[in-house]
Asker: 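Next up is a structure, given as structure tokens.
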Amino acid sequence: MNADRFPGWVYPVAALAGAVVLWGAFVSLFDVPAYLLPHPIEVGRRLAADPGLYVDAAVATTVKVLVGGAAGTLAGFLLGVAVGELPSLWRAIAPYLIAARVLPVVAIAPLLLIYFGTGFATGIAFVALMALFPMAVSTAAGFRRTPEAALDLAASVDAPRHRVLLGIRLPYAVPDVVGGLRQSATLAVVGSVLAEWFVADSGLGYLILVAAENVRPDVLLAALSLVFLVGFALYGAVDLLGSRLRRIVA
Amino acid sequence: MSHRGAAIDVRELTVRFEDVLALDSVSLSVDAGEFVTVVGPSGCGKTTLLRSVGGLQSPTGGEISVDGAAPESAQAAGELGVVFQSQTLFPWKTALENVTFLRELAGREPEPDRARQRLVAAGLGDAVDAYPRELSGGMRQRVAIVRAMHLGASTLLMDEPFGELDELTRYDMAASLLDSWRDTDRTVLFVTHSVPEAVLLGDRVVVMADSPGRIVDRVPVALSRPRDEATMDTAAFADQVAEIRQVLRQNRPAEPDR
Ligand SMILES: Nc1ncnc2c1ncn2[C@@H]1O[C@H](COP(=O)(O)OP(=O)(O)OP(=O)(O)O)[C@@H](O)[C@H]1O
Ligand SMILES: [Mg+2]
């Protein structure tokens, strides 16, 4: 079979190009009015007409994603390790950690506005909260996956706890940690856009909000395509990091 | 009896799991440097006995001492080398790294050169830098045995270490285990399903029965050492095997009424 004829990235890029071509053909063929769905070339023109605006917005969003996402992921990881190591702590807070994934974190947004005001800190705090829970739950699950026999082996030589944690439990948890990292990265992007809606001061989310209020689907789609790009790049980076990590413990 | 006295002393050990009496008042004393093998039907508590001696299973009743102290002291001193029934190699470590890692866990120098020699001596020269997934089940078990040897413990607890091996490899492994045991004078408690293996290896064969798990006989093996392949062809060997099979048969639970 020729399944590996092209490098892996070729396939999604080809799919994307195909989708854009279909979109353009659809708009031209059915004469869709631009206020409903502009032609992709129109969107490209919008981006080119005012690159500074879009670059600034994309940078603002990316900073939120990276800073808030890193803070939340790290805090989630540490929380996951703590509850993984302390079973009674896990029993105490597991229901809330899991419920926190079901409850929309966006419901806490007004509270964050009260605490942190309508600035950068609120956005960061919100993104961090979004990223924290999946990472914490996945890491904790990973730590409970250590095979009993491996722990018995360590116990048979009275291995110190930190050696067991770093040398045995952490490596066995890596696949789950990588899974958590993927979820957290995705949610950090979602969280940034949401934060820019309710903080409404900067970024691609804010641009989307303003474009919608002014019925400018071309601006909206230009901003949206950049959100997609930021998310895609982040996911790619996390995926690469994840498969590196997994290979170490495979 | 060796001048060092009992290396393992189990007195009236009882282990109960909810409604299962896994071990019912089991007593067993193993001299320092002695090689004791344990046979018995599946589920009679062999693993439970071994785990209890290794301090991995807390007894419901009775007392256990290893080198005159609680098993936990032997653990802390790195004097217990355990080979588990299930596979316990770490998939992200090579054979060599797995062997040295147990010493690191025990807080000792890893001594990789010595570990490499041991692997080569166990016929794993080509597998030194291979990962467990690249090894056959039998090779993995051999790595686990080498790992326990490399720890340098005075007491070895082995739970069916040759379980996955074919007849020929089993014999080779048994022979190399006997060699290294003779060289180092360690105490060994060795669980197996195979009666011939128990006779070939052991100074004594402990025979267990189930429901409840208990020791029904201790059979001294009257065969001179060193033993090898030829030993297994002797009439004396066949007699010993037949004697132990007889004990096992007598203690098989009666057929339920129809
Ligand atoms: N952790 C446990 N919880 C509940 N029951 C257990 C546990 N460990 C063992 N048992 C039970 O105790 C009995 C003895 O088990 P054990 O594993 O010691 O037998 P074994 O002689 O090693 O068997 P095999 O030859 O199949 O390995 C069995 O009935 C088993 O079901
Ligand atoms: Mg067993």
Side-chain angles (χ1 to χ4, degrees), chain A residues 4 77-78 80-81 84-88 91 135 138-182 238-250, chain B residues 47-48 50-58 66 69-94 97-108 110 131-134 140 143-144 147-148 150-159:
Chain A
D4 290 331
F77 175 72
L78 294 177
V81 172
E85 272 293 278
L86 305 168
S88 44
R91 285 217 197 105
M135 190 62 179
S138 301
T139 303
F143 269 77
R144 286 198 310 284
R145 226 183 278 287
T146 318
E148 278 304 317
L151 295 177
D152 282 343
L153 182 74
S156 76
V157 295
D158 196 29
R161 192 166 188 165
H162 70 275
R163 277 228 174 80
V164 177
L165 175 67
L166 295 175
I168 299 176
R169 306 196 68 189
L170 187 59
Y172 272 118
V174 160
D176 290 279
V177 171
V178 167
L181 195 61
R182 288 212 176 103
V238 165
D239 202 53
L240 204 68
L241 178 70
S243 48
R244 283 270 160 80
L245 281 174
R246 290 184 69 127
R247 210 164 314 138
I248 294 173
V249 300
Chain B
T47 296
T48 305
L50 216 68
R51 288 176 55 85
S52 303
V53 172
L56 301 169
Q57 171 69 56
S58 33
V66 178
E72 287 73 20
S73 309
Q75 288 178 347
E79 294 296 357
L80 283 174
V82 185
V83 179
F84 293 87
Q85 189 170 5
S86 61
Q87 126 84 20
T88 52
L89 297 184
F90 297 103
W92 61 87
K93 289 186 181 295
T94 63
E97 289 165 351
N98 264 290
V99 169
T100 54
F101 185 55
L102 187 62
R103 281 185 68 93
E104 292 176 52
L105 283 177
R108 295 182 174 168
Y131 288 91
R133 64 169 178 278
E134 301 166 330
R140 277 182 226 149
V143 174
R147 177 173 66 183
H150 191 54
L151 176 64
S154 60
T155 300
L156 287 176
L157 305 176
M158 311 181 95
D159 198 352

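Keep in mind that what you see is a predicted model, and the values were worked out from it rather than measured. First the proteins, then the strands, lettered A, B, ... as listed; each starts at 1.
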Asker: Is there side-chain contact between B/V82 and A/D152, with heavy atoms separated by less than 4.5 Å?
Answerer: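 The answer is no, as the side chains (C-beta and beyond) never meet within the 4.5 Å cut-off.
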Asker: Among residues 172-180 of chain A, which ones touch chain B with a heavy-atom distance under 4.5 Å?
Answerer: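 Within residues 172-180 of chain A, near chain B: A/Y172.
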Asker: May I ask you to name which of B/L102, B/L157, B/L151 has the most heavy-atom pairs under 4.5 Å with chain A?
Answerer: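 Of the options given, most contacts go to B/L102.
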Asker: Please determine, among B/R51, B/E72, B/Q85, B/R103, the option with the most heavy-atom pairs under 4.5 Å with chain A.
Answerer: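 Heavy-atom pair counts peak at B/R51.
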Asker: Who passes ring-ring contact (aromatic ring centres under 6.0 Å, His included) against B/F101, sequence neighbours left out?
Answerer: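 Listed in chain order: B/F90.
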Asker: Could you look at A/I168 and say if it's the side chain, the backbone, both or neither that has a heavy atom under 4.5 Å from chain B?
Answerer: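 The answer is both parts of A/I168.
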Asker: Can you name the side-chain hydrogen bond (donor to acceptor under 3.5 Å, both in side chains) partners of B/Q87, sequence neighbours left out?
Answerer: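 With neighbours one apart ignored, the set is empty.
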Asker: Side chains of A/L153 and B/R147: does their closest heavy-atom pair fall under 4.5 Å?
Answerer: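 The answer is yes, as the side chains (C-beta and beyond) meet within the 4.5 Å cut-off.
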Asker: Might you point out which heavy atoms bring B/W92 and A/G167 nearest each other, and give the distance in Å?
Answerer: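 Closest approach of B/W92 to A/G167: CZ2-O, 3.3 Å.
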Asker: For A/P160, what residues pass the side-chain contact (heavy atoms from CB on, under 4.5 Å) criterion, not counting sequence neighbours?
Answerer: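 A/H162, A/R163.
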Asker: So for B/T88, is it side chain, backbone, both, or neither that comes closer than 4.5 Å to the heavy atoms of chain A?
Answerer: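 Backbone plus side chain of B/T88, per the 4.5 Å heavy-atom cut-off to chain A.
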Asker: With a 4.5 angstrom heavy-atom cut-off, which part of A/P171 approaches chain B: side chain, backbone, both or neither?
Answerer: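 A/P171 touches chain B through backbone and side-chain heavy atoms alike.
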Asker: Among B/Q75, B/R108, B/E104, B/R133, which residue has the highest count of heavy-atom pairs closer than 4.5 Å to chain A?
Answerer: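 Highest number of pairs under 4.5 Å: B/Q75.
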